[in-house]
Amino acid sequence: MSKRALITGITGQDGSYLAEHLLAQGYQVWGLMRGQANPRKSRVSRLVSELNFVDGDLMDQASLVSAVDKVQPDEIYNLGAISFVPMSWQQAELVTEINGMGVLRMLEAIRMVSGLNGSRSADGSQMRFYQASSSEMFGKVAETPQCETTIFRPRSPYGVAKTYGHFITRNYRESFGMYAVSGMLFNHESPRRGAEFVTRKISLAVARIKLGYQDKLNLGNLDAVRDWGFAGDYVRAMHLMLQQDEPGDYVIGTGEMHSVRDAVRIAFDHVGLNWEDYVSIDPSLVRPAEVEILCADAERARTQLGWEPTVDFPELMRMMVDADLRQASREREYGDLLLAASW
């Protein structure tokens, strides 16, 4: 029989790529859905005929117990979260409820459905749990690059909530013998990234400026440095973590640092424009507490999981610009058709 996987956040960037990857591996894939009117369900629309959905909400313990009991998954990937870091200062309580307490509720659902207690040790037949941890937990970094043993100094409510989720996952592994792992993923992007994230904001603006729909691009801190990779690569690492004999936590990243300025230059160069003619700095877009440098030491993932990234940063930015050029062109064609129809 094929394995069953339950994905929270299946309509997000990572959830859609992971669903594709698991389907290609022969899995039966279930998505946890908070109501049927999810505005981002379009991300997985082409997969709907191959997917199964179950009702559930990371803020509702009973619904999670019901979902896990119904699906009886072999693997659970907890990707559901409010993932836009700047929003966490405006809605700190909500972000903490979902990104922190939501992890606890899912772990409790697994424990209750599985009948795990402190006297039971892990075995190969139990449900396996993946928690989406974040490089934002490192925050004001103690060392560069960051690895699995680097201490956490989160600099946002998002990072603090993710740190709680990380530690409670480890606690359930140690307390109940649960097969539970965390992937400390560094920034990973794609054409499916939300338009509020800086890389997608850049690629979308470049496409619109090139086509004459937009004049300027406003950004905050151009000197912030990140380790950016391709989301399609990173979901492979998630899957690999749950295939190991023993559960463990892993840092996932490319080990290469690039600034926001680099991202801007690569994107504008790709369409033959000089970025300095179009980019302006908006101080209101700078974070209250900035994380200046994030860079992954993913040696453990490379040696133990056999994982390697396949898309480098310049290729990633060009891929995103090309996708947004196609999208913007389709929108223009659609607008032209509507205008013609009105005549």
Side-chain angles (χ1 to χ4, degrees), residues 12-14 79 81-89 95 99 131-167 182-190 193-194 196-203 219-235 237-238 241 249-267 285-302 305 307-309 311-317 320:
Q13 169 189 253
D14 293 5
L79 312 185
I82 293 175
S83 55
F84 187 49
V85 176
M87 180 181 170
S88 69
W89 279 279
V95 168
N99 296 9
Q131 165 58 17
S133 288
S134 169
S135 60
E136 288 285 332
M137 301 186 305
F138 296 116
K140 191 174 179 63
V141 298
E143 60 183 356
T144 298
Q146 296 87 49
C147 66
E148 289 79 7
T149 57
T150 302
I151 64 171
F152 298 142
R153 293 177 175 174
R155 296 266 283 171
S156 65
Y158 172 91
V160 172
K162 281 290 187 179
T163 302
Y164 172 83
H166 181 86
F167 279 125
S182 291
M184 291 170 269
L185 272 56
F186 281 61
N187 294 65
H188 46 289
E189 318 296 320
S190 77
R193 197 46 142 159
E196 67 272 23
F197 291 86
V198 67
T199 51
R200 183 74 196 291
K201 181 178 180 180
I202 292 168
S203 66
L219 292 172
N221 182 10
L222 294 183
D223 296 319
V225 175
R226 294 290 184 273
D227 180 336
W228 275 298
F230 173 50
D233 284 337
Y234 287 37
V235 300
M238 298 176 189
M241 287 180 212
D249 304 326
Y250 296 86
V251 161
I252 302 297
T254 69
E256 296 182 1
M257 293 187 292
H258 296 276
S259 67
V260 174
R261 182 179 281 99
D262 292 335
V264 169
R265 177 183 51 76
I266 293 166
L285 297 177
V286 177
R287 293 183 184 185
E290 182 63 272
V291 174
E292 296 292 347
I293 296 175
L294 290 174
C295 183
D297 176 358
E299 181 61 25
R300 186 180 184 205
R302 294 172 193 271
L305 303 180
W307 177 83
E308 293 278 355
V311 178
D312 66 19
F313 183 63
E315 183 182 356
L316 172 63
M317 287 306 303
M320 293 175 67

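Just so it is clear, the model here is predicted, and its values are computed rather than measured. In this chain, residues are counted from 1 in sequence order. Heavy atoms only: backbone and side chains are in, while hydrogens, waters and symmetry mates are out.
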**Distance (rounded to the nearest 0.5 Å) between Met317 CE and Asp262 CG** = 10.0 Å
**Prompt:** For Leu222 and Ser259, which heavy atoms make the closest approach, and how far apart are they?
**Reply:** O-CB, 3.7 Å
**Asked** Any side-chain donor paired with an acceptor under 3.5 Å for Ser182 and Gln131?
**Response** no
**Message:** Measuring only between side-chain heavy atoms, which start at C-beta, is Phe152 closer than 4.5 Å to Phe167?
**Reply:** yes
**Gap separating the CZ atom of Arg300 from the OG1 atom of Thr149, nearest 0.5 angstrom** = 10.0 Å
**Prompt:** In Å and rounded to the nearest 0.5 Å, what is the CZ to CD distance from Arg226 to Glu189?
**Reply:** 10.5 Å
**Message:** With side chain to side chain contact (heavy atoms under 4.5 Å, CB included) as the criterion, how do Leu294 and Val225 come out once you've worked through the C-alpha distance, each side chain's angles and the decisive distance to 0.1 Å?
**Reply:** CA-CA 6 Å; Leu294 290 174; Val225 175; over 6 Å; no
**Asked** Who pairs with Phe313 by ring-ring contact (aromatic ring centres under 6.0 Å, His included), at least two apart in sequence or on another chain?
**Response** Trp228, His258
**Prompt:** When you measure from the side chain of Lys162 to the backbone N and O of Ala132, does any donor-acceptor pair fall under 3.5 Å?
**Reply:** yes
**Prompt:** For the atom pair OG (Ser133) and CD (Glu148), what is the distance rounded to the nearest 0.5 Å?
**Reply:** 11.5 Å
**Item:** Contacts of type salt bridge (charged side-chain N to carboxylate O under 4.0 Å, His left out), residue Asp249, not counting sequence neighbours
**Value:** Arg170, Arg173
**Asked** Distance from Ile266 atom CD1 to Leu316 atom CG, nearest 0.5 Å?
**Response** 9.0 Å
**Prompt:** Is Arg193 close enough and on-axis enough to Phe197, meaning under 6.0 Å and within 45°, for cation-pi?
**Reply:** yes
**Asked** Does Asp14 reach the main-chain N or O of Leu79 with its side chain, forming a donor-acceptor pair under 3.5 Å?
**Response** no
**Prompt:** Can you tell me if Asp227 uses its side chain to pair, donor with acceptor, with the backbone of Ala296 under 3.5 Å?
**Reply:** yes
**Item:** Within-4.5 Å side-chain heavy-atom neighbours: Pro157 and Trp89
**Value:** yes
**Message:** So, taking the atom named CG in Asn99 and the one named NE2 in His166, what distance separates them when rounded to the nearest 0.5 Å?
**Reply:** 15.0 Å
**Item:** Parallel, tilted or perpendicular: rings of Tyr234 and His188 (30°, 60°)
**Value:** parallel
